[in-house]
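Everything on this sheet refers to the single structure shown next.
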Amino acid sequence: MNTNENFYDVAIIGGGAAGLAAAQALGRSRRSVVVIDAGQPRNAVAKGVHNFLTRDGVPPLELLRLGREELAPYGTEFRFTRATSYSRGVENFEVTLEEGAVVTAGRIILAAGIRDTLPEIDGLEAFWGKNVLHCPYCHGWEVQDQNIAVLDSEFAIHQALMFRQLSDSITLYVAPGREIEASELEKLKARGIKIVEREIIAVRGSDNHLTHLGFADGTEDQVDALVIMPRFSAEIPGLTELGLQTTDHPSGIGTYVSTDEFGKTEVPGLWVAGSLREPMAQVVLAAGDGLRVGAMVNADIIESDIQRDLTAHRAALPVS
């Protein structure tokens, strides 16, 4: 038994859906857990979380509050701060927090989530998560039957075809001279998707609601919603010193942390859960992944406990 009051079986970096679900799995297995959370969830700008059974439409911060509340019976501790650096000894990790405190843990689950880098369009950020969106499953219902614009990107054709089932009025804005493969162009025409060769350089609106797209010649188009494709970035400040690296996702959507199928990295004792290892995961999938990773970490600790007790048991046997 470790008597260090700042020692935990598991330190979880990130208090979103994945981190809280992992904490719940571990807490219910009587593991000591600390969740280190900087309080900046990626989806905080959104009005509600969707496709989360029994919680559809709940505000993101409310979902996290409910999650923390559910963890109370299991003794989970929270540090509302940022982890800035990490080191690893023979058996445990040391995590240094922003204010200088240090916590020690036998295992780490990294569940801090990814970050969205938006296209460089003047005024865009103010409407992100409102009626500037990227996922039809997350927010498509809310813009059904509206006049929806799709911003040119590597994934724009796919997005336009996805959103078409939600509205008859889809316009794909592409860069002048953009070449679209004949097979893709045929699909767009067959689905009645309008193609406009104009580069969007700015957007404007009111009350956090985008209403107009602006072009270089000073003209504008009125729209009800804009679909974009951000670049997803896995940010792991301080962890590179442990040997953990990010890599380009095979789909081309950004960077992620490569793990085995259960979230285990090549760094002994270090695991990853949620969107950091699956950038396209919605909130409910991130929570499910956190549960699975938490269970796998618990299994790893069980195996360590067995080996420790076997060693002690054999040492106590009389010498024949």
Side-chain angles (χ1 to χ4, degrees), residues 1-2 7-37 52-53 64 67-68 70-71 73-79 83 86 88-95 103-114 234-236 238-240 242-247 249-250 255-311:
M1 179 70 67
N2 194 303
F7 175 84
Y8 303 88
D9 293 320
V10 184
I12 298 176
I13 313 301
L20 294 180
Q24 188 172 57
L26 289 158
R28 287 177 57 82
S29 295
R30 303 187 69 180
R31 301 299 182 188
S32 58
V33 177
V34 60
V35 176
I36 300 167
D37 183 31
F52 201 129
L53 195 61
L64 300 185
R68 292 191 294 268
E70 282 191 4
L71 291 175
Y74 311 123
T76 303
E77 293 188 30
F78 289 89
R79 304 285 183 98
Y86 305 80
R88 193 176 193 280
V90 176
E91 295 183 348
N92 302 314
F93 293 92
E94 287 193 346
V95 183
V103 298
T104 306
R107 310 287 191 283
I108 288 178
I109 298 176
L110 185 62
I114 55 176
E235 299 176 359
I236 49 171
L239 277 165
T240 54
L242 294 179
L244 187 66
Q245 302 291 333
T246 62
T247 187
H249 194 271
T255 57
Y256 78 124
V257 180
S258 179
T259 71
D260 71 7
E261 62 180 310
F262 302 114
K264 190 175 184 179
T265 73
E266 295 181 353
V267 179
L270 182 60
W271 304 67
V272 178
S275 61
L276 269 178
R277 74 186 200 96
E278 182 39 74
M280 296 301 287
Q282 296 179 57
V283 177
V284 69
L285 295 177
D289 191 54
L291 169 62
R292 179 168 67 168
V293 172
M296 295 308 300
V297 170
N298 184 56
D300 187 52
I301 298 173
I302 288 172
E303 185 58 33
S304 294
D305 290 344
I306 291 170
Q307 294 305 315
R308 178 201 62 206
D309 291 347
L310 274 175
T311 299

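- For Val10 against Ala105, the heavy-atom pair with the smallest separation is C-CB, 4.1 Å.
- Under the 4.5 Å side-chain criterion, counting only non-hydrogen atoms from C-beta, Val95 is in contact with Ile36.
- In this structure a side-chain-to-backbone donor-acceptor pair under 3.5 Å is missing from Thr240 to Ile236.
- Using a 4.5 Å heavy-atom cutoff, the side chains of Ile109 and Val293 are in contact.
- Between Arg79 and Asp37, the closest side-chain pair of non-hydrogen atoms is not below 4.5 Å.
- Among pairs with a residue in residues 14-24, those fulfilling side chain to side chain donor-acceptor pair (under 3.5 Å) read Gln24-Glu70, at least two apart in sequence or across chains.
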List the steps and the verdict of side-chain contact (heavy atoms from CB on, under 4.5 Å) for Phe93 and Leu242.
-> CA-CA 10 Å; Phe93 293 92; Leu242 294 179; 3.9 Å; yes
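- Taking CG of Leu270 as the start and OG1 of Thr259 as the end, the distance is 10.5 Å to the nearest 0.5 Å.
- Judged by distance alone, the side chains of Arg31 and Thr76 never bring a donor and an acceptor atom under 3.5 Å apart.
- The shortest heavy-atom contact between Val257 and Thr246 is CG2-CG2, 4.2 Å.
- Of all heavy-atom pairs between Ala18 and Gly274, the closest is CB-CA, 3.7 Å.
- The two residues Ala21 and Ala287 make their nearest non-hydrogen contact at CB-O, 3.1 Å.
- If you check the side chains of Tyr86 and Glu94, you find no donor sitting under 3.5 Å from an acceptor.
- In this structure, Glu77 and Val33 have side chains that are not in contact, with every pair of non-hydrogen atoms separated by 4.5 Å or more.
- Side-chain atoms of Trp271 and Asp300, non-hydrogen and from C-beta on, do get closer than 4.5 Å to each other.
- If you take CG on Asn298 and CZ on Arg30, they are separated by 12.0 Å, rounding to the nearest 0.5 Å.
- With values rounded to the nearest 0.5 angstrom, Glu303 atom CD is found 12.0 Å from Arg308 atom CZ.
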Mind running side chain to side chain donor-acceptor pair (under 3.5 Å) on Tyr256 and Glu278 for me, showing each step along the way?
-> CA-CA 7 Å; Tyr256 78 124; Glu278 182 39 74; over 6 Å; no
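- When side chains are defined from C-beta on, Pro268 counts as touching Arg88, because their heavy atoms get closer than 4.5 Å.
- Using a 4.5 Å cut-off on side-chain heavy atoms (C-beta onward), Ile301 and Arg107 make contact.
- Side-chain atoms of Thr104 and Asn92 include no donor-acceptor pair closer than 3.5 Å.
- For Asp289, the salt bridge (charged side-chain N to carboxylate O under 4.0 Å, His left out) criterion is met by Arg277, Arg292, not counting sequence neighbours.
- Between the CG atom in Asp260 and the OG1 atom in Thr265 there is a gap of 8.5 Å [rounded to 0.5 Å].
- Side-chain contact between Leu26 and Tyr8 is absent, with no heavy atoms from C-beta onward closer than 4.5 Å.
- With rounding to the nearest 0.5 Å, the separation of OG1 in Thr255 from CG in Leu276 is 9.0 Å.
- Here the closest heavy-atom approach between residue Val35 and residue Gly14 is recorded as CG1-O, 3.8 Å.
- Nearest heavy atom pair, residue Ala281 against residue Ala286, reads CB-N, 4.2 Å.
- Atom CD1 of residue Ile114 and atom NE2 of residue His249 lie 9.0 Å apart, to the nearest 0.5 angstrom.
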